[in-house]
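Only this structure's heavy atoms are used, side chains among them; waters, hydrogens and symmetry mates stay out.
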Amino acid sequence: MSEALQAPTYVKENKMAELQAVSVTITSLSGVESEFVLSQNGEFDIGRSDTCYSSINAELLSRRHLTLRYTDGQIFVTDNNSSNGSAIGDVRLIGGQTYAVQLPSTILLANGSIHVQLSSVAEQLASNSPPNTLKPTTSSPSSTSHLTGQGLNLASNLDAAPQGPITHSGSGNDELHQLLLTHGQVLIGRSYDCNYVIDSLQASRKHALLTLSNNRITLKDLDTTNGTFVNGERIAGSVNITATDEITIGTTTFAIQTGTVELKYAIVADNIEKVYAKGIVGLNTMSLKIPSQQFIALMGPSGCGKSTLLKGLNGANPITSGAITVQGLKLNNSNYNTLKKYIGYVPQDDIVHGELSVEKTLFYAAKLRISDDVTKQEIKNKISTVLASLNLDTDAIRKSKVSDLSGGQRKRVSIAVELLNDPKILFLDEPTSPLDPETIEDFLSCIRRLVSKGQTVIMVTHKPSDLDYVDQVIFLSKGGYQTYYGDKNQLLNHFEKDNIIEVYSMMKNPNQGKRWYDHWVSQNPASELSVKQEVLANKSNTALLGQYFWLCVRYFNIKLNDHANLLLLLAQPLIIGGLLVFIFSKLQVSVMFMMAVSAVWFGVSNAAKEIVSELPIYERERMYNLNIFNYIASKLTVLSIIACIQVAIFIGITHLAYSGGNSVNGISEETQLWSISSTALFMLLLSVSATLFGLFLSAVFTTTEKVMTFVPIALMPQIMLAGIIAPLDNNIKILLSYLTLGRWGTEGFAHIQDEAARELGKWTNEKADIPASVMQRVLTPPTTGNENNAAEFTTQGAMQQLNLYDDKSGMVSLFPESFTGVIIAITLINILAFCGLLLALRSKDKRFI
């Protein structure tokens, strides 16, 4: 290894620790491209992108080619998996690996076309950097001041080039404004070499750029995943703003002139009401103001509208009329993409997959929800922080499958998924219902600590003991009436009762509830506001290909970790294929029929439970940022891989069984599967098509029990309308058969067999134009006096034996009598199944248009 290059693991002493500054000169064939001095800790990207610390317009460079890290007088380099690589001397840097570099040294970028020269300089030279160069603004991640509950670090020296961190003191200061006035540009992002640091994984490393020119302030979104918002509206490219406009990045909202926006109320609901179809009232008119950093219990008897109110406040199932403000922004279509980042929501059912480990669950959740440029180390750090806040940060819990955890631990893992996004408000729907008293105490203590750290929590509960941990109570009665909202200690006095059980008993009566509702409204009159709630549209705010990739990876790991089910899936083709060749000693049309039915069974049985079993997860992720097409595509991709393996095993068994002709009474039967590859591909097509149909069934039904009860009913037409069990002798049967994969699968196998036999010239009778693709043995009984006459055989093709296109029916076929016709029919069935699947999934999006 070159003396200038050392792996950091082996560096024990380094003279660089004595250095005060590092000079960086970047040159190309055309001359000096950039010069700057590093005088403090930070990360410095070099590449083609204009978001890099040093942006070089060179086609051979990657957008973010190399990162220099200056830490405590020592410099490290990392090639960011660039296309054309980096090297020091004759040592090529491995992408993604960090190296300690001794000075002086030269790093060669893009096959040597760009030189990065590093050398030490005296401390006083560090202040001579060009005045318009954006410089790193923090001393190190560990020394940066963190603002609790705001996720915001401001690091700058307002009087000169930035030299170290400055603590952001709240809503009354104007450090950002002064920084912009002093330097003309302010780089905002998650990276510690930004001028204004957003300490949240929702922010990109280089997220936005503020520019002051000719007394005009411009804000530019740097092509980020989660977007930049001004006054609640997402911007595209550059926009002009004022010093008082509110900028939202991730879950942080701030203004240039006043700093972070502090809000007294997390939620304000004004005259909200929920009315279902046919005029059924779910919630009567009510108004609420929920303070920030409070623990609110939402209580009442069963069926009083607790979950309805919770989902109305967080947008999961919007209210009918009235106005809701969340974190100072109206809950409407325009602001929903911003607000859903403020909201953490854990429904009654767990929103985590039981087959994954806790660590993998949180890792995939982070990949699906947060910025694309977040590193694995950042995700690992965030996971550790979240697990520690919930008393889950042990190796035993991290490595355990979610299904192996206790009820309280599973519920906390669901909450951990939500906390990855740094939400301002956490909605919990009856989290303590399945928990025992000891577990409840531990669980609610964790929630109480979250509140003390700045979280606002609204929890639906029916357990009186939960009141010991909350600050305020919203109480509803049967009929959707609000009868109380206030301090938990005043609840019994308000209702003039001695214990909470008596209050529950009274609130079960809608008439009593209406009386207390009128009493409450008389003491707390609502405004005259009357606004119809608009439908909330789920706009995509994530990289679609990236989301598809991580959905596939997560789903593939779920299937791999479910060992018992995976073994059953792989055993199916062994068992069914083995029975098939055992029962049918020779190839015949019945074998092709069973191949078609088997392919349909593989697909439907593989997919029928896959959506309905994870509906709470789907609905929560859909509410956040899940693209419905990515979701369907990921399911099809992984299930198609499983189907491919099943088909390979099945075809392998049948090929061995039907690979050669048999001899009966000395007469050779040359019947076998002539085209193995075409047969296998067609069987895979059938299985994938059946998978799509199985996903449709899974999306239609609401429980696993219901869909598995219906699966045999859905499969019976595939068997009965294939033309084998009974002839298709009237128009109704024929039309119905057009909708079944069983019929088209059997016909498709017959066409493949016949065509392959013709191409190979496999004839039993050279004068007959009928291939011996499927033999039908017809034995002529011996005649009297001629008992020794030989058995006679007639040869028929597979399609001739199926007799699906008999003119006696009087039915004109809608599809050509060919393999092309089969493909057209299957394609149309797939389109119908896909449209049905799409509609079924969209019907679950109660808040979306």
Problem set entry | Close side-chain approach of L118 to I107, heavy-atom, < 4.5 Å | yes

For this session: Quick one: sort the W550 and Y364 rings into parallel, tilted or perpendicular, breaks at 30° and 60°.
Result: tilted

Problem set entry | Worked check of ring-ring contact (aromatic ring centres under 6.0 Å, His included) between Y70 and F76 | CA-CA 6 Å; Y70 188 45; F76 300 90; 9.7 Å; no

For this session: Could you go through the side-chain contact (heavy atoms from CB on, under 4.5 Å) check for V186 and L176 one step at a time?
Result: CA-CA 8 Å; V186 175; L176 180 57; 3.8 Å; yes

Problem set entry | Flag side-chain contact, heavy atom, 4.5 Å: F556 against V638 | yes

Exercise. Is the Lys NZ or Arg CZ of R369 less than 6.0 Å from the centre of Y624's six-membered ring, within 45° of the axis?
Worked result: yes

Exercise. Are Y548 and F629 near enough that their ring centres are under 6.0 Å apart?
Worked result: no

Problem set entry | Positive for side-chain contact (heavy atoms from CB on, under 4.5 Å) with V358, one of T394, D393, L387, L392 | L387

For this session: Please say whether more than 12 non-hydrogen atoms of neighbouring residues, nucleotides or ligands are located less than 6.0 Å from CG in N240.
Result: yes

Exercise. Centroid-to-centroid, Y618 to Y631, below 6.0 Å?
Worked result: yes

Exercise. For S28 and E33, does a side-chain donor sit closer than 3.5 Å to a side-chain acceptor?
Worked result: yes

For this session: Check for a donor-acceptor pair, side chain of T67 on one end and backbone N or O of F44 on the other, with a separation under 3.5 Å.
Result: no

For this session: Take T27 and Q117 through the test side-chain contact (heavy atoms from CB on, under 4.5 Å) and record every step on the way to the result.
Result: CA-CA 8 Å; T27 59; Q117 296 167 299; 4.1 Å; yes

For this session: For the pair H115 (side chain) and T25 (backbone), establish whether a donor and an acceptor sit closer than 3.5 Å, ignoring hydrogens and angles.
Result: no

Problem set entry | Stepwise salt bridge (charged side-chain N to carboxylate O under 4.0 Å, His left out) test for E621 and R554 | CA-CA 14 Å; E621 292 184 344; R554 182 180 70 176; 2.6 Å; yes

Problem set entry | Ionic contact status for K401 with E355, cut-off 4.0 Å | no

For this session: Apply the side-chain contact (heavy atoms from CB on, under 4.5 Å) test between I415 and each candidate in V417, V413, L419; give the one that qualifies.
Result: L419

For this session: Return yes if some donor-acceptor pair links the side-chain N/O of S82 with the main-chain N/O of D79 below 3.5 Å, else return no.
Result: no

For this session: For T218 and T211, test the side chains for any donor-to-acceptor distance below 3.5 angstrom and give the result as yes or no.
Result: no

Exercise. Side chain of R234, backbone of F229: donor and acceptor closer than 3.5 Å?
Worked result: no

Exercise. Would you say the side-chain atoms of N231 pair up with the backbone N or O of D245, donor to acceptor, closer than 3.5 Å?
Worked result: no

Problem set entry | N421 side chain vs P423 backbone, donor-acceptor pair below 3.5 Å | no

Exercise. Are the side chain of H207 and the backbone N or O of S204 linked by a donor-acceptor pair below 3.5 Å?
Worked result: yes

For this session: Keeping the roles fixed (side chain from S191, backbone from C194), state whether a donor-acceptor pair exists under 3.5 Å.
Result: no

Exercise. Do the side chain of Q547 and the main chain of N627 share a donor and acceptor less than 3.5 angstrom apart?
Worked result: yes

Exercise. Taking 4.0 angstrom as the limit, do D422 and K341 come out as a salt bridge?
Worked result: no

Problem set entry | Presence of salt bridge, E418 and R620, under 4.0 angstrom | yes

Problem set entry | Under the salt bridge (charged side-chain N to carboxylate O under 4.0 Å, His left out) test, residues paired with K360 that sit two or more places apart | none

Exercise. Once the angle between the rings of Y196 and F254 is folded into 0 to 90°, is it parallel (under 30°), tilted (30 to 60°) or perpendicular (over 60°)?
Worked result: tilted

For this session: Check whether any side-chain heavy atom of L210 lies under 4.5 Å from a side-chain heavy atom of I217, and answer yes or no.
Result: yes

For this session: Show your working on side chain to side chain donor-acceptor pair (under 3.5 Å) between S62 and R48 and close with a plain yes or no.
Result: CA-CA 6 Å; S62 296; R48 198 175 72 252; 5.7 Å; no

Exercise. Ignoring hydrogens and geometry, is there a side-chain-to-backbone donor-acceptor pair from N84 to L61 under 3.5 Å?
Worked result: no

For this session: Could you tell me which non-hydrogen atom of Q202 sits nearest to which non-hydrogen atom of G250, and how far apart they are?
Result: CB-CA, 3.4 Å

For this session: Tell me, with the steps shown, if N381 and S384 meet side chain to side chain donor-acceptor pair (under 3.5 Å).
Result: CA-CA 5 Å; N381 293 342; S384 296; 5.6 Å; no

For this session: Go through the steps for L60 and I114 under the test side-chain contact (heavy atoms from CB on, under 4.5 Å), then give the verdict.
Result: CA-CA 9 Å; L60 292 177; I114 306 289; over 6 Å; no

For this session: Quick one: do I247 and I256 satisfy side-chain contact (heavy atoms from CB on, under 4.5 Å)? Show the steps, please.
Result: CA-CA 8 Å; I247 303 168; I256 295 173; 4.2 Å; yes

Exercise. Going from OG1 on T248 to OH on Y342, what distance comes out if it is rounded to the nearest 0.5 angstrom?
Worked result: 4.0 Å

Problem set entry | Side-chain H-bond candidate by donor/acceptor type, T375 with E378, under 3.5 Å | yes

Exercise. With distance as the sole criterion, is a donor-acceptor pair present between the side chains of R92 and S86 under 3.5 Å?
Worked result: no

